[in-house]
Amino acid sequence: AQSVTQLDSHVSVSEGTPVLLRCNYSSSYSPSLFWYVQHPNKGLQLLLKYTSAATLVKGINGFEAEFKKSETSFHLTKPSAHMSDAAEYFCVVPYQAGTALIFGKGTTLSVSS
Amino acid sequence: GAVVSQHPSRVICKSGTSVKIECRSLDFQATTMFWYRQFPKKSLMLMATSNEGSKATYEQGVEKDKFLINHASLTLSTLTVTSAHPEDSSFYICSAREGRTQYFGPGTRLLVL
């Protein structure tokens, strides 16, 4: 069965410092993996996706994630946080290819000035 | 990019009444749409998979007679909450699949008084 575990429910950083949001996955096959962001009172926006091509995936707004099969991880990073990055972030895996998504519990990112 | 809309964005209704939420894919056709529910500060939970021209597939624990789903065309799926009760108050989000990526609507906040 597919599943994802977001290791931190809340991450706080200062503006200009690096961001690391951790996600481990469990899958019986090499999965697709996604990171979505949800700003307050806004819809979900796709940040980036891994679909078995390059293991280092670059997304929007300077975010990137690295797929590490040996560690079953797909951590999200950004070199320098911006105030506008404050939001809820979800690590996501499909139930099966092309089907509905399983969401992690989410990580709330807070950015202080 | 692909855009999914939802209407209404916010609705308040009296207990016992029914509410219909629309989900539209604006610039692509979607044979499959998904309905999720999000509780405050919680992750998204899949409610059902909506298939154009056929019956929806409901997740375990979701009452199909309470949450009626109709996918009448390749660009429209509707979720009707019948005989709504206060415990149905929540944030309902739809998504539509294009290729391997799901695009999410902005969500509908339902408050049942």
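Because only heavy atoms are used, hydrogens play no part in the values below, and waters and symmetry mates are left out as well, while side chains stay in.
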Query raised in the report: Which region of Thr51(A), side chain (C-beta onward) or backbone (N, CA, C, O), has a non-hydrogen atom less than 4.5 Å from a non-hydrogen atom of chain B, or is it both or neither?
Result: both
Query raised in the report: With a 4.5 angstrom heavy-atom cut-off, which part of Glu98(B) approaches chain A: side chain, backbone, both or neither?
Result: neither
Query raised in the report: What do you reckon, is NE2 of His7(B) surrounded by more than 12 foreign heavy atoms closer than 6.0 Å?
Result: no
Query - Closest-packed option against chain B by number of heavy-atom pairs under 4.5 Å, given Tyr36(A), Phe103(A), Phe34(A) - result: Phe103(A)
Query raised in the report: What about Met33(B) and Leu76(B), same hydrophobic cluster or not, with Ile/Leu/Val/Met/Phe/Trp/Tyr joined at side-chain heavy-atom distances under 4.5 Å?
Result: no
**Report entry** Lys49(A) side, atom NZ; Gln102(B) side, atom CD - distance, nearest 0.5 Å
**Finding:** 11.0 Å
Query raised in the report: Should Tyr95(A) and Leu33(A) be regarded as members of a common hydrophobic cluster, given that ILVMFWY residues are connected when their side-chain heavy atoms come within less than 4.5 Å of each other, either directly or indirectly?
Result: yes
**Report entry** Toward chain A, the part of Glu59(B) with a non-hydrogen atom under 4.5 Å
**Finding:** side chain
Query raised in the report: Which bit of Leu44(B) is near chain A, if near means a heavy-atom gap under 4.5 Å: side chain, backbone, both or neither?
Result: both
Report task. Mark yes when over 12 heavy atoms from residues, nucleotides or ligands other than Lys66(B) sit less than 6.0 Å from its NZ; otherwise mark no. Result -> yes
Requested in this report: Spell out, yes or no, whether Met47(B) and Val11(B) are grouped together once hydrophobic residues are joined by side-chain heavy atoms under 4.5 Å, including indirect joins.
Outcome: yes
Report task. Using a 4.5 Å cut-off on heavy atoms from C-beta on, say whether the side chain of Gln38(A) contacts that of Ile93(B). Result -> yes
**Report entry** Same apolar cluster: Phe91(B) and Leu113(B), side chain cutoff 4.5 Å
**Finding:** no
Requested in this report: Check the hydrophobic clustering (I, L, V, M, F, W, Y; side-chain heavy atoms under 4.5 Å; chains of links allowed) and say if Val92(A) and Leu21(A) are grouped together.
Outcome: yes
Query raised in the report: Hey, does the side chain of Tyr36(B) reach the backbone of Ala100(A) with a donor-acceptor pair shorter than 3.5 angstrom?
Result: no
Requested in this report: With a 4.5 Å heavy-atom cut-off (strictly below), which parts of residues 54-64 of chain A touch chain B? List them by number.
Outcome: none
Query raised in the report: Please walk me through it: do Leu44(A) and Tyr103(B) pass side chain to side chain contact (heavy atoms under 4.5 Å, CB included)?
Result: CA-CA 8 Å; Leu44(A) 285 157; Tyr103(B) 296 91; over 6 Å; no
Query - Ser43(B) side-chain N/O to Gly106(A) backbone N/O, donor-acceptor pair under 3.5 Å - result: no
